[in-house]
Amino acid sequence: MPSNPLAETVAALLPRAKAELAELVAFRSVADFSQFPRSESEAAAGWVADALRAEGFTDVALLDTPDGTQSVYGYLPGPEGAKTVLLYAHYDVQPPLDEAGWSTPPFELTERDGRWYGRGTADCKGGFIMHLLALRALKANGGVPVHVKVIVEGSEEQGTGGLERYAEQHPELLAADTIVIGDAGNFRVGLPTVTTTLRGMTLVRVRVDTLAGNLHSGQFGGAAPDALAALIRVLDSLRGADGSTTIDGLDVTARWDGLEYTEEQFRADAKVLDGVGLIGDGSVADRIWARPAVTVLGIDCPPVVGATPSVQSSAGALVSLRVPPGTDAAEATKLLQEHIAAHTPWGAQVTTEQIGQGQPFRADTSSPAYAAMAEAMAVAYPGETMQYAGQGGSIPLCNTLAALYPRAEILLIGLSEPEAQIHAVDESVSPEELERLSVAEALFLRNYAAG
């Protein structure tokens with residue numbers, strides 16, 4: 001990276017950033033309080049609030065959101081008459097899955113092969129550290145040229161909508177001219193990327209009942225309707241023979257017009273095993289950015305260890321449906337529930353319950369903020385041009401903010417490039433990406449203020 005004062009400051013601050021990220025990663029801040037202590041999330045929120053106060057933020061507050069979690073808010077005043085920029089990240093994280101499967105402890109930041117490992121390093125505790133680095137660099141080089149609001153969410157990964165509902169109840173709180181969501185990522189390490197579309201999502205819990213209680217499979221099997229087998233039939237009906245999502249009435253033919261994603265690169269990024277084919281049809285970009293995708297997240301049934309020779313009377317599953325821009329998430333939920341009811345065999349009793357939902361998002365890339373970010377990215381990533389890409393994941397808050405503040409420009413950047421393996425074991429962040437994106441954000445804020 002060519003020498004410039006902002007870049008030099010960020011580079012000098014990187015060891016401090018690593019130490020702070022290690023402190024933040026140590027909190028087991030999973031916002032599922034049936035599995036993880038609420039105190040861990042509250043401690044993480046307190047850490048974020050203290051960090052904002054130390055940087056001179058005023059009006060720092062722990063917001064009790066309607067889903068029972070806390071988001072952290074702070075305001076840093078800029079010059080009189082300056083624009084206002086909202087910076088977003090979240091401190092809650094996904095569960096570590098199988099902790100024994102991690103190469104190093106998931107809640108202990110560990111450096112290995114040039115990357116920093118730990119749950120939340122990229123998604124999205126590292127995003128908060130990125131914001132801090134950018135602001136510190138500006139403060140050390142003439143000051144922050146805009147009013148800055150920071151909001152750090154406490155339940156983004158759970159999709160329970162606490163911050164969305166809080167924002168709707170307090171619409172003045174997060175009002176801004178531009179919003180930078182630090183929860184996306186580059187298409188690959190070293191290629192500066194803004195995410196311009198997000199798939200929405202819905203979560204549906206399914207339960208199938210067929211008998212008053214389990215029965216001996218030798219005595220009753222063959223005639224007694226098996227709830228687990230019925231559930232398997234239902235779940236199988238959600239996909240075609242090639243693995244494409246096939247939900248009655250749901251459009252699955254959209255095309256992606258933008259940055260392409262080769263199958264070879266996708267296989268490497270997704271670590272697909274040799275000989276295993278990809279599912280679906282169309283280009284990879286069509287499949288992961290422009291079309292719906294159904295995933296069975298979990299099944300309630302007896303584990304193999306300890307299983308008895310029984311016909312199961314009940315079985316359940318949690319089904320996720322990712323919804324592309326152009327499709328209403330509420331309508332997609334309705335179609336999913338109707339499909340499940342229509343494809344449940346043998347007259348089995350089936351119930352569905354929606355437990356989470358977020359609308360898809362599409363950004364306006366013609367706005368001045370995108371020009372300011374492109375200029376900043378070109379400096380932070382010399383020789384590279386900022387790319388536009390989609391993201392298969394969901395950030396439900398984006399649509400809430402777009403609805404509340406229709407004139408605000410929304411940009412999505414972040415540290416979750418493919419090598420980061422977010423939501424999986426051995427999540428990690430590239431320190432180089434953290435450094436470059438912090439420089440880019442600082443330059444963006446300066447460019448945007450001058451525009």
Exercise. So, Asp59 and Lys149, do they make that salt bridge, N to O below 4.0 Å?
Worked result: no
For this session: Using only heavy-atom distances, determine whether the side chains of Asp67 and Tyr166 contain a donor-acceptor pair under 3.5 Å.
Result: no
For this session: Could you walk me through whether Asp281 and Arg291 pass salt bridge (charged side-chain N to carboxylate O under 4.0 Å, His left out), step by step?
Result: CA-CA 10 Å; Asp281 63 356; Arg291 295 180 181 177; 2.8 Å; yes
For this session: Could you please spell out the steps behind the salt bridge (charged side-chain N to carboxylate O under 4.0 Å, His left out) verdict for Glu20 and Arg16?
Result: CA-CA 6 Å; Glu20 290 176 323; Arg16 176 184 176 186; 3.4 Å; yes
Seminar exercise, completed: Heavy-atom closest pair (Asp426 atom, Thr104 atom, distance to 0.1 Å) is OD1-N, 4.3 Å
Exercise. Short question: side chain of Trp289, backbone of Gly390 - any donor-acceptor pair under 3.5 Å?
Worked result: yes
Exercise. Are there more than 12 heavy atoms of other residues, nucleotides or ligands under 6.0 Å from atom CZ of Arg205?
Worked result: no
For this session: Test ring pair (Phe, Tyr, Trp, His ring centres under 6.0 Å) on Tyr261 and Phe187 and set out the steps.
Result: CA-CA 9 Å; Tyr261 202 160; Phe187 181 69; 4.8 Å; yes
Problem set entry | Nearest non-hydrogen partners of Thr246 and Gly240, listed with the distance | OG1-N, 3.4 Å
For this session: Determine whether the side chains of Gln70 and Ser41 contain a donor N or O and an acceptor N or O closer than 3.5 Å.
Result: no
For this session: Would you indicate whether Glu264, at its atom CD, is surrounded by more than 12 heavy atoms from other residues, nucleotides or ligands within a distance under 6.0 Å?
Result: no
Problem set entry | Any donor-acceptor N/O pair, Arg446 side chain to Pro145 backbone, under 3.5 Å | no
Exercise. With a 3.5 Å cut-off and no angle check, do the side chains of Thr178 and Tyr448 form a donor-acceptor pair?
Worked result: yes
Exercise. Can you name the one residue among Leu133, Leu13, Val10 that meets side chain to side chain contact (heavy atoms under 4.5 Å, CB included) with Glu435?
Worked result: Val10
Problem set entry | Main-chain N/O of Val350 paired with Arg207 side-chain donor or acceptor, under 3.5 Å | no
Problem set entry | Rounded distance [0.5 Å steps], OG in Ser367 versus CZ in Arg407 | 14.5 Å
For this session: Using modelled atom types only, decide if a donor and an acceptor are shared between the side chain of Gln158 and the backbone of Thr160 within a distance under 3.5 Å.
Result: no
Exercise. Is the closest side-chain heavy-atom distance between Val150 and Tyr88 below 4.5 Å?
Worked result: no
Exercise. How close do Leu443 and Ala380 get, heavy atom to heavy atom, and via which atoms?
Worked result: CD1-N, 4.4 Å
Seminar exercise, completed: The residue among Asp248, Thr352, Val294, Leu250 that forms side chain to side chain contact (heavy atoms under 4.5 Å, CB included) with His339 is Asp248
Problem set entry | Backbone of Pro360 reached by a side-chain donor or acceptor of Asn399 within 3.5 Å | yes
Exercise. Closest approach of Leu21 and Trp116, non-hydrogen atoms and distance?
Worked result: CD2-CE3, 3.9 Å
For this session: Measure the CG-OG distance between Leu297 and Ser320 for me, rounded to the nearest 0.5 Å.
Result: 5.0 Å
For this session: Determine yes or no for a side-chain-to-main-chain donor-acceptor pair under 3.5 angstrom, with Lys125 supplying the side chain and Leu24 the backbone.
Result: yes
Exercise. Of all heavy-atom pairs between Gln357 and Gln359, which one has the smallest distance, and what is that distance?
Worked result: NE2-NE2, 4.1 Å
Problem set entry | Distance flag, aromatic centroids of Tyr91 and Phe27, threshold under 6.0 Å | no
Exercise. Is there a donor-acceptor pair closer than 3.5 Å between any side-chain N or O of Thr9 and the backbone N or O of Pro5?
Worked result: yes
Problem set entry | Ser430 side-chain N/O to Glu432 backbone N/O, donor-acceptor pair under 3.5 Å | yes
Exercise. Hey, does the side chain of Lys83 reach the backbone of Leu445 with a donor-acceptor pair shorter than 3.5 angstrom?
Worked result: no
Exercise. What distance do Ile151 atom CD1 and His90 atom NE2 have between them, rounded to the nearest 0.5 Å?
Worked result: 13.0 Å
For this session: Could you tell me which non-hydrogen atom of Ala329 sits nearest to which non-hydrogen atom of Gly358, and how far apart they are?
Result: CB-O, 3.5 Å
Seminar exercise, completed: Exactly one of Glu40, Glu99, Glu42 clears salt bridge (Lys or Arg N to Asp or Glu O under 4.0 Å) with Arg28, and that residue is Glu99
Exercise. Can Arg119 be said to sit on top of Phe107's aromatic six-ring, NZ or CZ under 6.0 Å from centre and within 45° of the ring axis?
Worked result: no
For this session: Please answer whether the main-chain N or O of Ala7 pairs with a side-chain N or O of Asn4 as donor and acceptor at a distance below 3.5 Å.
Result: yes
Exercise. Looking at Asp92, Leu163, Asp64, which one forms a side chain to side chain contact (heavy atoms under 4.5 Å, CB included) with Ser71?
Worked result: Leu163
Problem set entry | Side chains of Asp123 and Gln94, donor plus acceptor under 3.5 Å | no
